[in-house]
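First the proteins, then the strands, lettered A, B, ... as listed; each starts at 1.
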Amino acid sequence: MKQTLILFMQDEPGVLNRIASLVRRRNFNIDSIVAGRTEKNGITRMTLVVNEPNKAKRKTIYNNLKKLVDVYDVVDASDENCHIREHALVKVSIKPDDLKEIEDLVARGNCRVLDHEPESMILELSGNEVTVEKSIGFLKKFKILELLRSGKMAMISGNQKKNKPVLVKSEPK
Amino acid sequence: MSKVRLTGAEIIWECLIREGVNVVFGYPGGAILPTYDALGKYSDKVHHVLTRHEQGATHMADGYARSSGKVGVAMATSGPGAANMVTGLATAMMDSIPIVCITGQVPRPAIGSDAFQEMDISGAVIPVTKHSYLVMEIENLARTIKEAFAIARSGRPGPVLVDIPKDLQAEEFDFIYPEEPILLPGENPVINDIDLNSLEQAASLISESKRPVILAGHGILLSGASKEVIELSEKGNIPSSWTLLGSGAVPASHHLNMGMMGMHGEFAANNAIQKADLLIACGMRFDDRVTGNTKSYSLESKKIHIEIDPSEINKNVPVDVAIVGDLKSILTKLIPLLKKQQNSSWTDKIEDWRKESQSRDIINMNTEMLYGAQVISDIWKETNGDAIVVSDVGQHQMLEAQYYKHDEPNTLLTSGGLGTMGFSLPAAIGASFYSRDKDIWVIVGDGSIQMTITELATAVQENANIKIAIINNGYLGMVRQWQQLFYDSRYSETPISSPDYVKLSEAYGMKGFRVKSRTEISDTMKEAQNIKGPVLIEFVVEQHDMVYPMVAAGADLDEMISRPVHEQFKDAEM
């Protein structure tokens, strides 16, 4: 099972570099990394999905990330009721006969036509890992010219205190 | 307080002085010129030591920090100057030593243009520091330096680098020192209570154990918890063993101290650990030199891990109870929960193991050539075991650990985690600025000393009161040992030549001696100790010596290789 960690970091130049450097030198097996802004100014939020079956090693990864000076807090979303969403852009090579099948896929939801050129089409997929994988699997029957996957974003359901990050600065002891 | 118009360079010195810095080890250069120019105004408050290499500067800051418990400071220019600090930063990082390195950087408009002597040092040192900074606005300079010191000395100590562009050093600013406390995202809000549940679990494990062992690590010295660990040991009649960096935490002469553990540790210590039913790990991290094969490490024991850095828990060895926090505070709460115990059948067994290995010891043997172990044992006697010893890396380092019995904390300074050759000479110079009225002895091999030998000039320049004992066996000894044991004695690139150390000392302006036999040691040492300032003694020792016992890499901790019977010499009358 994969470990899903949500990191909250100070928006300083090079902070992503520090995470990447830590991941590499501790040999963490990373599945995906997605980072971006949040509702709070100056705080970057990152979803890190790690492939680590050993429970003790997962705690070590969690503690190593927390140790970084620029990281406010890390929330382990692995065992929580958590939504994990992915985004993908797919450029397929299409012939006029294919259009009906594409329309069916769009009708099933989680797929949008972004762009329609005579010989190619760009589709936007979103959903959880399973639905995105399925849609990509379906699209393989057409020639996939380009595929871009975003990595996983996670958000825990509800408003429980234990899943809230501590976003205050404190004095070093 | 009112604002004062100062340059960035002056602000740097103001901040260093407010952090209690009174000595800085450094080397000037183009990008740090403004800061060196401003030094003149502060030279009555801060003494600057000009080194001969920036690596030397970082090891000096490190040795100063190990000896004093304060944050050591090193300073250098951009590019190659900064690059030369990386080894020293990595050395401090691995051993959790608080140092702050200040480097000049090319002017801000030039950053990223491959300017002369430009290097992204704050990026390059990310893996080997607790944190690093590139200051881009003068309003942030003072707070950044204050933060750097706070990070260096807090929690698990470590090195921090601050990179400051040249034009920022020259810029003027209305300066007022930031008195507000430093607040950082990475710190947790204060959790005063140590987990009571873990304390109780630990206490009950200790009370139930019949074969307990205390593993004494560097954390005891960093936390100042020697007294508490000795109390724990005596109350529960629990034998202790130390990691290399834990030397002196519990006095070597303490009746329950079994000696060093690990790859070249004592027979009794390693056996005890493997047969224990409880290990109490105090401020140590189960390093591979200490555990041997982790799959067979102390399988019959429960383990309590008292540690300030949560990321060390279960990293190498799974433990049963983890108590995260400051060692001294934790032991102060734990000890009252324990009752007095005897465990005498356990301690008797350990005594038998100790007697067995002592009888085979080389220092009690008559040998034709001088042996490194004998040199160190005699240095220990001649200094009354009361010197601060700075050892380098290799066979001599292990022999020092085995034969110089340290009874006080912070009296062995050595590069344990990174094992950096060349550490000892500069580290000793650094330590000499805070030596607490003790003699400082450098114990170094002929390979190691040649790595940073240029700092002999610094030692003479500062008249550093250090005595340098070179254990010269003409080889990279520890590597040669491994080649003998594991590579069919193919001594590939391990024989190494040396200059005439006596002539070299004199060329540098200091006194040098050469000792070839055991009978010369005492008089030579007395003469050396009477000279105030740096002195070098070259001890010519047996070339093909081996350090025993040894646990081969990846072997089980109790699979110790001993000195072969045919190599054991006739008993001497001592």
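- Atom NZ of B:K303 has more than 12 neighbouring heavy atoms from other residues, nucleotides or ligands inside a 6.0 Å radius.
- Residues A:K67 and B:S311 come closest through the heavy atom pair NZ-OG, 3.4 Å.
- Between B:I182 and A:E171, the shortest heavy-atom distance links the atoms O-CG, 3.1 Å.
- Note that the CD1 atom of B:I126 and the CZ atom of A:R25 stand 8.0 Å from one another [nearest 0.5 Å].
- Residue B:D326: no heavy atom, backbone or side chain, is found under 4.5 Å from chain A.
- Neither the backbone nor the side chain of B:L134 comes within less than 4.5 Å of any heavy atom of chain A.
- The candidate with the highest count of non-hydrogen atom pairs below 4.5 Å against chain B, out of A:N17, A:L68, A:D70, A:L65, is A:D70.
- Atom CZ of A:R37 sits in a sparse spot, with 12 or fewer heavy atoms from other residues, nucleotides or ligands closer than 6.0 Å.
- Taken to the nearest 0.5 Å, the NZ atom of B:K315 stands 13.5 Å off from the CD1 atom of A:I61.
- Within 6.0 Å of atom CE in A:M153, 12 or fewer heavy atoms from other residues, nucleotides or ligands are found, so the atom counts as exposed in its surroundings.
- Annotation: maximal heavy-atom pairing with chain A below 4.5 Å, among B:S122, B:P318, B:A150, B:S132, occurs at B:S132.
- Atom NZ of A:K57 has 12 or fewer heavy atoms from other residues, nucleotides or ligands within 6.0 Å.
- Smallest separation of non-hydrogen atoms from B:K130 and A:V69: O-CG2, 4.1 Å.
- Around the NZ atom of B:K146, the shell of radius 6.0 Å holds more than 12 heavy atoms that belong to other residues, nucleotides or ligands.
- When all heavy atoms of A:K169 and B:P185 are compared, the pair lying nearest together is CG-N, 3.9 Å.
- Highest contact tally toward chain B, considering only A:F8, A:Y62, A:Y72, is held by A:Y72 [criterion: heavy-atom pairs under 4.5 Å].
- Between the CG atom of B:L183 and the OG atom of A:S170 there is a distance of 7.0 Å, given to the nearest 0.5 Å.
- Taking both residues in full, the closest heavy atoms of B:E187 and A:K173 are given as OE1-N, 4.1 Å, listed atom of the first, atom of the second, then distance.
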